[in-house]
S.K.: 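If you scroll down you'll find the structure; I have some questions about it.
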Amino acid sequence: TVVILPDSRTDCRELPESQALYRRSVRGARSSGFAVDQVIFQKRLQQRLRKNPRFPNIIQEFISALEIYIEDPERFRNCLLPCVPSSSSQQDTNNVLCYSVREDGLNVPHLIINQLKWLDRIVDGKDLSSKLMQMVSVAPVEIQRDIITSLPEILEDSQHGDTAKELNGLLQQNTQLAVPILDALSSLNLSSALLSKVREAVMGTLSAVQLEDLPVVVKFVLHSISASGPNEVVCDLRKKLELEQCVLPAVLQASQSRMISKAVSGVPSCNNGQDSVALVLDVIKSAIRFQKTISEAWLKAIENVDESDDHKVVDLLVLFILYSTNANHSRRGAERVLKVKVRKGLIQESLLQKTFKGHAQVMRGYFPSILALAQGLLRSSDCCVVPFGGHMYKQAFTSFDSYCQQEVVGSLVTHACSGVSGEVDVALELLCELVSQGPAEMSQFTVFVKGILDYMDNLTSQQIRRLFHLLSHLAFGQEQHRGHIQDDMHIVIRKQLSSTAPKYKRIGIIGAVMMVGSMGACRNKPEGSQGGTLPKETHRQVMALLELVCSCSESSPEAAALYYDELANLLQTCKLDPLVQAWIGKSVLEDFQEDFVVDLGPFVFPASVMYNLDEDESQGGIAINLLPLMTQDQRVSPLCLSPFFRLLRLCEEVQHQGDLEEIDALLGCPLILTDMEVMEKVESLSKAAREFLCSLLFYTINWFREVVNAFCKLNDPEMKMKVVTRIQNITYLQSLLQTCLAATPGYTPPQANFDGESAEGMIPSSSIALPKKGKKGKDAGEISILICAIYRVSASLFDHPEKECEKVKEKDAKSAVSLSSYWPFFRELDVEALSVLQCGLLSRTLLDTELHSKLKEEVQLGPAELLFLLEDMWRKLDFSLASAPAKKAPFLKSKMDRAVGFAHLQQKNAKEIATCCMELLPTLCTHLENCHNHFQTLLSEHQGVVDAPGVDVKEQQLMCSAYQLLLQVLHTTFSWAGFSGPEHRALLKSALGVLAGRLKEDETDLTLDQLSRWEHAFEYLQNFRSTVPSLNTALCLTQLLIVLSQYGGSNHRTYREQISAHFLCQEWVTASGEKERGNKYNDALQTLLSIYLEHTDDVLKAVEEIAGEGVPELMNAAKNANSRSWPTLNRQTFLVYYKKVQSEKLLTWNLAVRDFHILINLVKMFDSRPVLTVCLKYGRLFLESFLKLGMPLLDYSFKKHKEDVQSLLKTFQLSTRQLHYMCGHSKIRQDTGLTNHVPALKKSLEQFVYRVKAMLTLNHCQEAFWLGNLKNRDLKGEEILSQRSQAVDEEEEESSQLQSEEEV
């Protein structure tokens, strides 16, 4: 406000009223004022100036007096105090004020700028803006900022555009003024073109902007986005927003963290980076919340990133913002995008770790969103995204405060108590990792983890192991002051061990062994200790706990066997204290020799010493005392033989660094059994005798399986020969067992895996045909009669597996029982046992009595042994690689736990199993080539006839099964979902390289890229199609090639069609000369036919070929003949073809009706006369074709595919209704060209209505049909009003409605 005072050099006599109106305060006052209102003063002063005779010269005199007056700094300051200047003298006054800027210690420029904001009217706005911009170019930075930020309030709207251009140029020159310039630009009224140009310039300077100015820049960019094109702006902003550069190096972070800890008050300067990032995210959050287009643009920008290296920290942060705000339902979209990115391997753990490490303070504000996302990922049915949810939990626990850690632990405990198998496994695994990484932090939340003990009834044995491993580490770790949880653990274990229920005793044994592993773990050796690393009190507690478990399990053979198995697993996975280890090893060795091993010599009862591989040591040798354990009342049960031996073997491995020389005699030592020739008359024996024989065979097979587990890793050729021989013994005994089981229905085998439910819960379905009247009893009289009968039958021994195989071939007995349903009753083979597949031809020289080498013994894997190992390998791969974790608890629990028999396998993760498969891949390829060469030689020798005379049928069946299993193993391996992740691509590339190298063995080029390796691998596998011996094997090869084609550059759709058609057009005959048939053959045929129809280019043409050529050929052929064009089509497989063709026809009609509906709806937009003519003409033709060809199909398909038929008719009804409206429209327009088509079309529409009624009547659901009158409407769907009064005379169309909620 300018205050005018009279001056000696001004003729104030001409302005007496002005002097009277102004009242001056005392000298030195900080304010000035008028006697009247300022507006009145301005008005009267203006009037006096205009009425003055010297007007307008008086104005210049007035200004001159003002200039003289404000030369005094104090007066000038007082003039700037709150008052309003006269508008008439404003222009000249502005000139004076703008030149009065000087450095005199006063904030005079700020006062001047502040006065300019309140001007009532600007006389020359252009001149004012020009002078202000000139001031900006020469003034100090602080004054520049004040001027720029005040521009929107000073300038008129007409000056905004020019000023914005000047500010834009200034921004390019000086980024220090970015904040005031952007603030001013945000308040200016700019055109869209100019705003876009300014925004582009601002985006160009984004990388040079100071960190503290970044939030203002981002805010301007986001707020200046128009509704028409946000995608490009957001995408460009995302590319240039480098939040990674806002993170200081680790050394600076450490030093600054020390500064923070020393700071008493205030916010240290080192937090400015994180504060700026937080402000940037707040700006983005605000824009997302209030602008739907921006939230969609961010999702689109993140979704369009195709490379993992291109993803940034800001992507994850924005996804968390989208999830937390849930603006415009963005939560679902953020979760979807995150899952897709994780599934494709584009967002990886490294990016998540970088985000948490660099921006933990910012991420803390989005902790609820992070926790909710982690919960959703962990509960996902997609196993590819579950690990990422676990990483989010771990990072949140390690990066946030104790409150967040408590929430993380609570959420994981909730997952662990959910009862969903896969969810529980991951949650327990995460809790174990958190305990191992931060035991001190986790010890605070022990009370939460203990709550899982209340839900142990729903946990599997493997989950119980992890739970007690977790609690034991919390209770008996290196940290002190954990006595309360130790006492709780002891109480729980003792309570479970003392229970009489087998389930709870099993939990007690598992928990006690896990406690021993934590308490007795090897530690740093204390001073003065005598060989041990544990304190005396801890050592005493470990010994007491082991003795307690041993005494509590003595009463039950199953409990004792479980104790041995659990202790063996502990020795395999944990390094115990040397004294504890020595005590276990000594007691186990002594007890095993006492309980199960006897010296060879005369026996008091009929028995046979069988399967002796050390014939030269028959004098003074040892034998496994199996038969006497079963026939006499002893304190040791044969049930404990295999578990006890496994524990003994692992004790020897630990104590002697893998050397088993002390117990290698057990590999070749015989067993005391009974003569197996009694199997020839097994059906004549009593039920108790048959069950006794079955149990004896189960025990013997399980002993041999554990022997193979123990000695399979030895490299000595003689030991390898014995291991292969033991596998031959297993295959022979399994054939005997099949015969015995077929004659013993209702038999329950002895339990072999003790960490699951009892044997009563795992009885195979094929064995429940006859009701059990009680437990199988071993009557002493019947057993003695059996032994005497066996003794009288034969006294010969079966020590040579070659003779055994010959007798099996001579018997040629057809067993009605498959051992695949009994696999839970066999001991688990270790993964290391699969290394026996690498054994080729093994031989050794036998010495005669004079030590001359006269005889050479050779042993190799035969078809039966190969099949045995491949079956076990495929079962392991199917459990570890092919099966996703169960995400939903079943309504009814199955009788058999799927995990039974895989306790050792569960100790390894999927990557370890896949790596093991890659090591065996060359061996598998060799066996696959051997099968290929076998059948190729067979076909060449017999001129392509598979069932030629002289062919060994049994050998052919074994080779065919081995061929199929090899392909199944490869298919399961390459189908592993882990290969889609980036962390396993190197493993996949290595596997493809192995297959590619088999194509040309002399090719040593290892520099091939993945695509080249894939092409060679694909070519290698497709060469096997010429020798596949059965349709099931052909299906396995086709599925393997389909899976392999997913890793290449092309989907090979044409080749899939060709190979499936090739197998469908091939006649499949067994080795016995019979055509393949049966349910398995039909299922394989249906799957292969589905693959063919799915990948053919023209489904209708393929269906027409089958129905038009194959079926007539079959009708004209003989009764048992095939179709000539399709040899797999015969009278037995006709139903398979017919079902598949019908389903394909129905699918085709669904697609056709949907397309027809789309074309009909286009008429609403393109309603020209030619389009209407075409629609009426060809719509009638389509309707007639549907009545002729489609309705008969619907008659047949309605019962089996009711939902599909309903959907088809509803979609078609919408089209017929629109055709009806077109007829009405044609009448209204009175166009002869259009109305000529109406009668025929209406006739077809009426036929369609009654044809649908006939179809429903045929399927006995005519009550679902009703008729209604359609109103005449035009193309837009609006009712034709002129027709209302003529409702009686008009021709109404009737339409059918299907009640979708009606149950048929």
Side-chain angles (χ1 to χ4, degrees), residues 383 421-422 424-426 428-429 432 459-466 469 506 510 513-514 561-562 564-574 642-643 646-647 649-650 653 701-702 705-710 712-713 727 730 751-757 762 819-820 822-837 868-886 894 896-921 924 965 968-973 975-978 984 987:
C383 59
S421 178
V424 174
D425 288 335
V426 178
L428 290 175
E429 189 67 29
C432 290
L459 302 183
T460 64
S461 298
Q462 181 64 17
Q463 292 165 354
I464 292 173
R465 289 190 193 97
R466 289 180 179 174
H469 172 75
R506 183 172 67 250
I510 295 174
V513 174
M514 290 293 104
L562 175 62
Y564 300 145
D565 273 342
E566 292 300 316
L567 201 54
N569 290 337
L570 180 65
L571 295 176
Q572 201 171 16
T573 57
C574 180
S642 297
R646 179 178 179 82
L647 176 59
R649 183 257 296 186
L650 289 171
E653 282 186 356
I701 292 173
N702 285 329
R705 290 172 76 98
E706 280 298 340
V707 167
V708 171
N709 282 337
C712 62
K713 293 181 288 186
I727 295 179
I730 292 174
Q751 195 171 349
N753 301 283
F754 305 94
D755 56 349
E757 298 294 335
M762 297 186 295
L819 290 183
S820 60
Y822 286 87
W823 66 264
F825 298 94
F826 293 112
R827 293 288 293 178
E828 180 184 0
L829 282 179
D830 292 340
V831 176
E832 292 77 12
L834 298 177
S835 62
V836 182
L837 287 168
F868 168 76
L869 292 173
L870 289 176
E871 283 179 345
D872 186 79
M873 182 177 185
W874 177 78
R875 190 174 289 117
K876 285 179 166 59
L877 295 181
D878 184 62
F879 179 83
S880 298
L881 302 184
S883 57
S894 58
M896 189 182 302
D897 186 4
R898 187 176 180 274
V900 172
F902 297 112
H904 307 152
L905 187 68
Q906 287 179 302
Q907 305 296 329
K908 301 179 181 294
N909 56 37
K911 183 179 180 180
E912 293 174 340
I913 302 299
T915 305
C916 177
C917 290
M918 295 305 104
E919 295 173 356
L920 293 175
L921 192 56
L924 296 175
L965 273 174
Q968 284 181 338
V969 165
L970 293 179
H971 175 257
T972 306
T973 302
S975 299
W976 180 41
H984 300 133
L987 195 62

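Remember, predicted model here, so these are calculated numbers, not experimental data.
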S.K.: State, to 0.1 Å, how close L881 and A910 come at their nearest heavy-atom pair, and which atoms those are.
M.R.: CD2-O, 3.6 Å
S.K.: Roughly how far, to the nearest 0.5 Å, is the SG atom of C712 from the CG atom of L837?
M.R.: 11.0 Å
S.K.: Any heavy-atom pair between the side chains of E653 and L650 that's under 4.5 Å?
M.R.: yes
S.K.: Quick one: SG on C916 to CG on L834, what's the gap to the nearest 0.5 Å?
M.R.: 6.0 Å
S.K.: Of R705, R649, K908, which is the lone residue that meets salt bridge (charged side-chain N to carboxylate O under 4.0 Å, His left out) with D830?
M.R.: R649
S.K.: Does any non-hydrogen side-chain atom of I913 lie less than 4.5 Å from one of K876?
M.R.: no
S.K.: Nearest 0.5 Å, what's the OG-CD distance between S975 and Q968?
M.R.: 11.0 Å
S.K.: Looking at CZ of R466 and CD1 of I510, how far apart are the two atoms once the value is rounded to the nearest 0.5 Å?
M.R.: 13.0 Å
S.K.: Are the side chains of E566 and L570 in contact, using a 4.5 Å heavy-atom criterion?
M.R.: no
S.K.: Would you check, one step at a time, whether the test side-chain contact (heavy atoms from CB on, under 4.5 Å) holds for E429 with V426?
M.R.: CA-CA 5 Å; E429 189 67 29; V426 178; 5.6 Å; no
S.K.: Scan side-chain atoms only and decide if D425 and Q463 contain a donor-acceptor pair under the 3.5 Å cut-off.
M.R.: yes
S.K.: Minimum heavy-atom separation for A568 and L647, please, with both atom names.
M.R.: N-CD1, 3.6 Å
S.K.: Measuring from atom CG of L924 to atom CG of L965, what distance do you get when rounded to the nearest 0.5 angstrom?
M.R.: 11.0 Å
S.K.: How many angstroms lie between atom CZ of R875 and atom OG of S820, to the nearest 0.5 angstrom?
M.R.: 7.0 Å
S.K.: Do the side chains of R827 and R646 get nearer than 4.5 Å, heavy atoms only?
M.R.: yes
S.K.: Heavy-atom distance under 4.5 Å between the side chains of H469 and T573, does that happen here?
M.R.: no
S.K.: Could you check whether the rings of F879 and F902 sit parallel, tilted or perpendicular, using 30° and 60° as the cut-offs?
M.R.: parallel
S.K.: Could you pull out the closest heavy-atom pair between A903 and E828, with the gap in Å?
M.R.: N-OE1, 3.1 Å
S.K.: Specify the closest pair of heavy atoms between F868 and I727, including all atoms of both residues, with the distance to one decimal.
M.R.: CD2-CG2, 3.7 Å
S.K.: Taking all atoms of both residues into account, what is the closest heavy-atom pair of Q462 and Q906, and its distance?
M.R.: CB-OE1, 3.6 Å
S.K.: Is there a side-chain contact between H984 and W976, using heavy atoms and a 4.5 Å cut-off?
M.R.: yes
S.K.: Is the backbone of H904 close enough, under 3.5 Å, to the side chain of Q907 for a donor and an acceptor to pair up by distance?
M.R.: no
S.K.: Out of T973, T972, V969, which residue meets the side-chain contact (heavy atoms from CB on, under 4.5 Å) rule with M873?
M.R.: V969
S.K.: What pair of heavy atoms forms the shortest contact from P824 to A752, and how long is it?
M.R.: O-CB, 4.3 Å
S.K.: Would you say that L970 contacts L921 through its side chain, given a criterion of any heavy-atom pair below 4.5 Å between the two side chains?
M.R.: yes
